[in-house]
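Reviewing the structure listed below.
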Amino acid sequence: MTTAARRRTNLALLLLTPLAVLTGLFSNAIGVDWAVDPATIHGVVAVAILLLAPWKSAVVRRGLARRRSTRWLSVGLLFLIAVTAASGLLHSATGTRSIGPLTVMQIHIGSGLGALLLVWLHYRSHPIRVRQTDLGRRAFLGAAGLSAAAVALWGGWEILLRATGAAGADRRFTGSHERGSFAPAEMPVTSWLDDRVQHIDAADWRLNVRGAELTLGEVQAAGVEDVTAILDCTGGWYSEQLWSGVRLDRLLTTSERSVVVRSATGYSRRFPTRDLDKLWLVTGIGGSPLSAGHGFPARLVAPGRRGYWWVKWVVAIESSPVPWWWQLPFPVT
């Protein structure tokens with residue numbers, strides 16, 4: 001393997017690994033279907049990285065033979081790329097939810113972020129500067145060939161899933177698999193990171209709305225309606241349910257820029273005020289009260305947004321002068 005080939009391989013991984021992580025995170029953030037979905041782009045980029053693995057393996061073997069102090073960074077990078085790819089393929093093909101104590105998506109995202117860290121450490125110890133030849137005709141043809149092969153292989157993978165009737169053939173545009181639609185008892189119970197299921201007595205529960213405290217009965221008296229909405233969890237599943245609740249614009253009117261919805265756990269998300277008529281504080285699902293695991297006595301339903309926006313065990317709705325986007329894209333706790 002020539003020095004130029006090794007250099008091109010490392011440069012391609014330097015560009016593709018962050019792109020794979022960014023498209024993966026972005027596909028976990030959106031809840032609306034686009035003309036070209038980030039999950040598809042993520043899959044194509046991941047296949048391109050896999051196509052480079054044989055060349056990177058040759059680079060690693062050479063580094064091991066020379067016994068460089070940083071050689072284990074390359075070995076670790078190859079290992080994490082393999083784990084990321086295997087967990088992604090397992091999820092897309094079968095919808096397997098967990099392996100041991102971890103979900104498949106936790107393994108996939110964790111190993112992907114780890115690979116990004118090792119790429120940074122690797123290229124920090126071996127900097128690669130862009131040369132004029134990297135923008136030339138040969139580089140362009142190489143990138144075009146790699147892209148075409150990645151698109152073809154990803155398309156073939158999707159065709160194979162459909163032809164074999166695999167579970168992955170019916171994935172949503174986000175990559176999520178259907179779980180328990182219109183069967184609340186079969187819908188998975190999940191919470192964000194360190195949140196735990198809250199067991200709240202309905203008689204003791206109060207909703208604080210701009211300083212006023214409402215009982216469960218007073219909330220429902222504002223006008224309960226049914227709404228069908230899809231909860232699409234970043235854990236890799238989605239479920240369509242019939243929810244019963246009150247639109248937020250019936251509980252709160254404000255001229256301020258955003259509304260913060262808080263949970264009994266301390267978890268919260270900030271929404272634009274213009275969306276109050278598109279958000280629901282629900283108290284029932286499928287004709288029955290919510291279970292504790294699904295947010296009893298009241299949770300937020302936010303159609304078109306991913307599951308981490310659907311705050312459970314809501315205890316407060318507050319208006320704020322801060323714009324809705326002034327928060328982390330993904331909450332850290």
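Numbering starts at 1 and runs along the sequence shown.
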Please set out all donor-acceptor pairs under 3.5 angstrom arising from side-chain atoms of residues 185-193, sequence neighbours excluded.
from, atom 1, to, atom 2, distance (Å)
W192, NE1, P331, O, 2.8

Side-chain donor/acceptor pairs under 3.5 Å, residues 38-51, sequence neighbours excluded:
from, atom 1, to, atom 2, distance (Å)
H42, ND1, A20, O, 2.8
H42, ND1, T23, OG1, 3.3
H42, ND1, G24, N, 3.3

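In the hydrophobic clustering of ILVMFWY residues, with side-chain heavy atoms under 4.5 Å counting as a link, F79 and L102 come out together. L16 and V36 fall within the same hydrophobic cluster, where Ile, Leu, Val, Met, Phe, Trp and Tyr residues are linked whenever their side-chain heavy atoms come under 4.5 Å apart, directly or through other members. Tracing side-chain contacts under 4.5 Å through hydrophobic residues (I, L, V, M, F, W, Y), one reaches L11 starting from I81; they form part of the same cluster. Cluster annotation: L276 and L214 are assigned to the same hydrophobic cluster (Ile/Leu/Val/Met/Phe/Trp/Tyr, side-chain heavy-atom contacts under 4.5 Å, transitive). Grouping the Ile, Leu, Val, Met, Phe, Trp and Tyr side chains by contacts below 4.5 angstrom, directly or via other members, places I30 apart from L19.
The side-chain heavy atoms of V282 and E225, taken from C-beta on, include no pair separated by under 4.5 Å. No side-chain heavy atom of L13 sits under 4.5 Å from any side-chain heavy atom of V119. By the 4.5 Å heavy-atom criterion applied to side chains, Q198 and F296 are not counted as neighbours. The side-chain heavy atoms of R97 and R179, taken from C-beta on, include a pair separated by under 4.5 Å. Using a 4.5 Å heavy-atom threshold, the side chains of E240 and T228 count as touching. Side-chain contact between V104 and I99 is present, with heavy atoms from C-beta onward closer than 4.5 Å. Counting heavy atoms from C-beta on, the side chains of F182 and S239 never come closer than 4.5 Å. Residues I200 and W313 meet the side-chain proximity criterion, which asks for heavy atoms closer than 4.5 Å.
Every residue meeting the ring-ring contact (aromatic ring centres under 6.0 Å, His included) condition with W34, not counting sequence neighbours, appears here in chain and number order: F26. Applying the side chain to side chain donor-acceptor pair (under 3.5 Å) criterion to S263, with sequence neighbours excluded, gives T265.
Pairs passing the salt bridge (charged side-chain N to carboxylate O under 4.0 Å, His left out) check and including a residue from residues 195-221, sequence neighbours excluded, do not occur. Screening residues 143-160 for salt bridge (charged side-chain N to carboxylate O under 4.0 Å, His left out) gives E158-R162, E158-R171 as the qualifying pairs, with residues at least two apart or on separate chains.
Checked by atom type and distance alone, the side chain of Y267 never pairs as donor or acceptor with a backbone atom of K312 at under 3.5 Å. A donor-acceptor pair is defined here as one N or O able to donate and one able to accept, closer than 3.5 Å; no such pair exists between the side chain of R247 and the backbone of K278. Judged purely by atom type and a 3.5 angstrom limit, S258 uses its side chain to pair as donor or acceptor with the backbone of V322. Side-chain N or O atoms of S92 include one that pairs as donor or acceptor with a backbone N or O of L89 at under 3.5 Å. When atom types are taken as modelled, the side chain of S87 and the backbone of T84 share a donor-acceptor pair closer than 3.5 angstrom. Side-chain atoms of Y123 come within 3.5 Å of backbone atoms of N10 as a donor-acceptor pair (strictly under, hydrogens ignored). Panel note: side chain H108, backbone L90; no donor-acceptor pair is recorded below 3.5 Å.
Here the CG-CG distance, from L281 to L252, works out to 11.5 Å after rounding to the nearest 0.5 Å. Atom CG in L279 sits 9.0 Å away from atom CG in D249 (nearest 0.5 Å). For the atom pair I109 CD1 and L25 CG, the distance stands at 7.0 Å (nearest 0.5 Å). Note that the OG atom of S244 and the CG atom of D226 stand 4.0 Å from one another [nearest 0.5 Å]. In this structure, S320 OG and E256 CD are separated by 6.5 Å, a value rounded to the nearest 0.5 Å. Atoms CG and CH2, from L216 and W205 in turn, are 5.5 Å apart once rounded to the nearest 0.5 Å.
The side-chain tip of R270 does not point at the ring of W324 from less than 6.0 angstrom away and within 45° of straight on.
Ionic pairing of R306 and D232 is present here: one or more N-O contacts between side-chain nitrogen and carboxylate oxygen are shorter than 4.0 angstrom. A salt bridge is defined here as a Lys NZ or Arg NE, NH1 or NH2 lying under 4.0 Å from an Asp or Glu carboxylate O, and E318 with R262 meets this definition.
Contact detail for V83 and I107: the closest heavy-atom pair is CG1-CG2, 3.8 Å. Across every non-hydrogen atom of F173 and D37, the tightest pair is CB-OD2, 3.3 Å. For the residue pair T283 and A298, the shortest heavy atom distance occurs at CG2-CB, 4.2 Å. Minimum heavy-atom separation, L231 to W237: CD2-CH2, 3.9 Å. Shortest non-hydrogen contact noted between A302 and W310 is O-NE1, 3.1 Å. Pairing each heavy atom of H177 with each of G168, the nearest pair is CE1-CA, 3.5 Å.
Checked by atom type, the side-chain pair T234/N28 shows no donor-acceptor distance below 3.5 Å.
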For the pair L113 and V21, evaluate side-chain contact (heavy atoms from CB on, under 4.5 Å) and give the outcome as yes or no after the intermediate values. CA-CA 7 Å; L113 291 174; V21 172; 3.7 Å; yes
Begin from the C-alpha positions of L118 and T17 and carry the test side-chain contact (heavy atoms from CB on, under 4.5 Å) through to its verdict. CA-CA 10 Å; L118 290 190; T17 305; over 6 Å; no
Could you please spell out the steps behind the side-chain hydrogen bond (donor to acceptor under 3.5 Å, both in side chains) verdict for Q241 and S181? CA-CA 6 Å; Q241 302 291 343; S181 288; 5.5 Å; no
side-chain contact (heavy atoms from CB on, under 4.5 Å), that's the test. Do E178 and R172 meet it? Break it down for me. CA-CA 8 Å; E178 188 276 330; R172 199 167 183 247; over 6 Å; no
Go through L248 and L300 one step at a time and tell me if the side-chain contact (heavy atoms from CB on, under 4.5 Å) criterion holds. CA-CA 9 Å; L248 257 59; L300 196 70; 3.9 Å; yes
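Proximity of the aromatic rings of W309 and F271 is defined here by a centroid distance below 6.0 angstrom, and this criterion is met.
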